[in-house]
Every structure is written in C-alpha cells, then in structure tokens.
2 protein chains.
Amino acid sequence: MDFSSKLLENAVHEMSQLPGIGKRTALRLVLHLLKQPSEQTTRLSESLEKLRGEIKFCNSCHNISDVELCEICASPKRDESLVCVVEDIRDVMAIENTGQYKGLYHVLGGKISPMEGVGPHDLTITSLIGKAKLGQIKELIFALSSTMEGDTTNFYIYKQLEGLDISTSTIARGVAVGDELEYADEVTLGRSIINRIPFEGSLKAN
Amino acid sequence: MDFSSKLLENAVHEMSQLPGIGKRTALRLVLHLLKQPSEQTTRLSESLEKLRGEIKFCNSCHNISDVELCEICASPKRDESLVCVVEDIRDVMAIENTGQYKGLYHVLGGKISPMEGVGPHDLTITSLIGKAKLGQIKELIFALSSTMEGDTTNFYIYKQLEGLDISTSTIARGVAVGDELEYADEVTLGRSIINRIPFEGSLKAN
C-alpha cells in the first residue's frame, strides 16, 4: 500500500497492529476518525493512554481494577470461602452477568501452555496457593476453558492444593439451555450424559 | 456490560465508536493493548493524535497529504490535462496501485446524497469547476462508484462543465479480468456487451 501521507501511513500501521485488524480495515478506521470531529480522536487516544498508564490489578484476585482491592473482593456481601478460577477479566464479566455467583474470583491471566512459552510462574498461581494456605477458602471452582491447556492448568493447581482442606469443582459442561440435542457436538453431549444430575437438583436451578 | 474498572470502560467505549467495532471486539482490542508493552499504546494514540492534528489536504486535488501540494499534483511527470474524479483517498490509492494512470486526481470527499444530507457544496465540486475554468484540463475521467449517488454526482459535474472545452469519460465497467461470464451479474455483463471495444484496442491494453 502506497500512502500519500506519512502521518496517515503511521496511523494505519499502528492501528493494524491490533489483532484481527488488517491494513485495509485500519485505513477505513483511520479515515473514519478523520471525518469525525477531532475530539473523538483525542478521547480515543487519551482513554487508551490513561488506561495503559494508570490501570491497576486487584491485589487479591488480579482482576483489572482502578483501585488496589477490586469491588468484588472488597464487597462484604461476597462469600469469601468460594473462589472461582478464571483465565481473564472477560470470564469474570461473563460470570458476573449471570447474577448467579456470589463468591470471589481469581484471575490467572492465562493458561499453562508450553507451546506458547507460558509456564506456571507467568500466571498468578503462586498468589492463589498463598491465599489457599490462609485457610479461608473452602471451595475452588475451576472455570478455565476445556482445552488441553485449561485441563493442564487445572491439574497443576489441583496438585499444588494437596494437603489443604479445600474441595475443588469445575463448572458443568453440557448441552446449552435451549439447544437441540441433534446439533450438539458428540463430546459435549457425551459429557452431558456422563455428568447427568439428579432431576430434583435440576429443578432447583430454574 | 459491567466493567470492574472505569478506565477500562472508557477505553472500550471510545474504541467501540469506530465503525464495525462492537463492545466485545473493543474489549478484546483494549485487553490486547494491555498485554503488550505500553509503548505500543503510546505509539497508537500518538500517531492518531498527530494525524488528526496535523493532517493537510492538498490545495489542488484535496487528497490527504503532509504538505500543501501533494506529491502527485507536484510531480512534473504527471499529465496535467487529465483529471480523474474520485470519491476518497482509497480510490486514489487503488488507481495508483495499477501503475496505469499518469494524470492527476480530484478527490470529491463523497457523493451527492440527499438521503444522507450531502449536497454539492459539501464536496469539492466548486474547486474542481474552478480548476476546469483555468483551461488546462482536457479530459475529466469520472471514477465514482456506479450507484445512484455516483451517477447523480457525475451528472451534476457534467452539467457544470457546459460551455467548457473539456471531454468527459467514465471508467469502463465490465466483467473483471479472469472472471467467468456465467458468474457475472446481469447488469455488469449487459454493460460489457453494450460498451464492447474494438478488438485491436483490447490488444493494446495488454
């Protein structure tokens, strides 16, 4: 791509560094900004700079937060004996949206993945084990994605918890509510059957 | 979407103002920036700010440029008697990429579109007619998209040129090189046949 302007070229280049945004899309976005009042560009770039410069991570659960201890960890209404282990903030947001969970979270920041060079020490596992050893946590819910990396991470944490009086669980996998059985993939449907729950239990959930 | 951080929420909100980027995508992009070195965010926001603040439009063709007169208009190698009328900079880049065009451009900045409230005076038509009246231009090539708005704009300019000794043409529409006839749409194929060119002429183009 040949640009008539170095400024434009730079902006398009930087924009196309974002994941899933190619040169053409970047050009479209940048030209859009040029057509808008300049305040919009200022607001965008300032909000990004401010976020990158001032963002904090909660000391306890490592979720993104504006303060040292995030709202969820600081809330007296949450059950401190229950901790849900998730990969990143998007999982926290998804679970919070359900309104079904009253425990705390622990954000790992990723999964153990030797292929991508992510080891246990790149994640916040040590901090989690440290919290577990304080004795306040009664149950740990693993809510990582069910990939090989997710399973490995779950198992690594599980082994580290040996000797501590903490029960562990994973979120239920199964056919989504409202889905037709015939369209569910085999692995999911298989797990749904193996991990079937007592009918009385399913009534309570509704 | 409930965010645990006001900074994050702001950044996601501003990012999702870009066309085709929803809240979820915006969150993904912003979280990506957070995982990268902070220099990347700085580079992105500075390049956008700099572009928005310092960008110039060529005095003659109204293309985006770093200087008062863009490279193409300033080049002594270009044929000043030939002007191609396009909608925006992306069209200039597309035509320049072909390496087949040695004339100048005129960037309108849009098309006349009563539906979107764009009238002739929102575009750079007056400047184009002004240039035409100087007598240097011999041919005007209309290269707007072949929509109703494009046709309207072409016709509006054409009427304004009455009395001036300037020939006008539009770029050829037809079946794309390498395309199979059976998959071409009817309008395009129809135009291809109506606007057929002498066989000797087609040999020259190759």
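Atom set for the values below is all heavy atoms of this structure, side chains included, hydrogens, waters and symmetry mates excluded. In what follows, chains are A, B, ... by sequence order, proteins preceding strands, each numbered from 1.
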Once rounded to the nearest 0.5 Å, what's the spacing between atom OG of A:Ser45 and atom NZ of B:Lys50? 13.5 Å

Based on non-hydrogen pairs under 4.5 Å, which of A:Gln40, A:Glu54, A:Arg90 is most in contact with chain B? A:Arg90

Run the ring pair (Phe, Tyr, Trp, His ring centres under 6.0 Å) test against A:Tyr101 and tell me which residues pass, sequence neighbours left out. A:Tyr105

Would the number of heavy atoms belonging to other residues, nucleotides or ligands and lying under 6.0 Å from CG of B:Asp165 be above 12? no

Table please: side-chain donor-acceptor pairs of residues 117-146 of chain A below 3.5 Å, with sequence neighbours left out.
unit_1	atom_1	unit_2	atom_2	d
A:Asp122	OD2	A:Gly119	N	2.8
A:Thr124	OG1	A:His106	NE2	2.9
A:Thr124	OG1	A:Val107	O	2.8
A:Ser127	OG	A:His62	NE2	2.8
A:Lys131	NZ	A:Ser60	O	3.0
A:Lys131	NZ	A:His106	ND1	3.0
A:Gln136	NE2	A:Glu80	OE1	3.3
A:Glu139	OE2	A:Ser169	OG	2.8
A:Ser145	OG	A:Lys111	NZ	3.0

Contact class of B:Glu49 relative to chain A, heavy atoms under 4.5 angstrom: both

Highest number of heavy-atom pairs under 4.5 Å with chain B: which of A:Asn97, A:Ile89, A:Asp88? A:Ile89

So which residues of residues 64-78 of chain B are in contact with chain A at a heavy-atom cut-off of under 4.5 Å? B:Ile64, B:Ser65, B:Asp66

With chain B as the partner chain, list the residues of residues 9-36 of chain A whose heavy atoms fall under 4.5 Å from it, by residue number, and write 'none' if nothing qualifies. A:Asn10, A:Ala11, A:Glu14, A:Met15, A:Gln17, A:Leu18, A:Pro19, A:Ile21, A:Leu27, A:Arg28, A:Leu29, A:Val30, A:Leu31, A:His32, A:Leu33, A:Leu34, A:Lys35, A:Gln36

Quick check: do A:Ser4 and B:Val92 have side-chain heavy atoms less than 4.5 Å from each other? no

Side-chain contact, heavy-atom cut-off 4.5 Å: A:Thr41 with B:Leu51? no

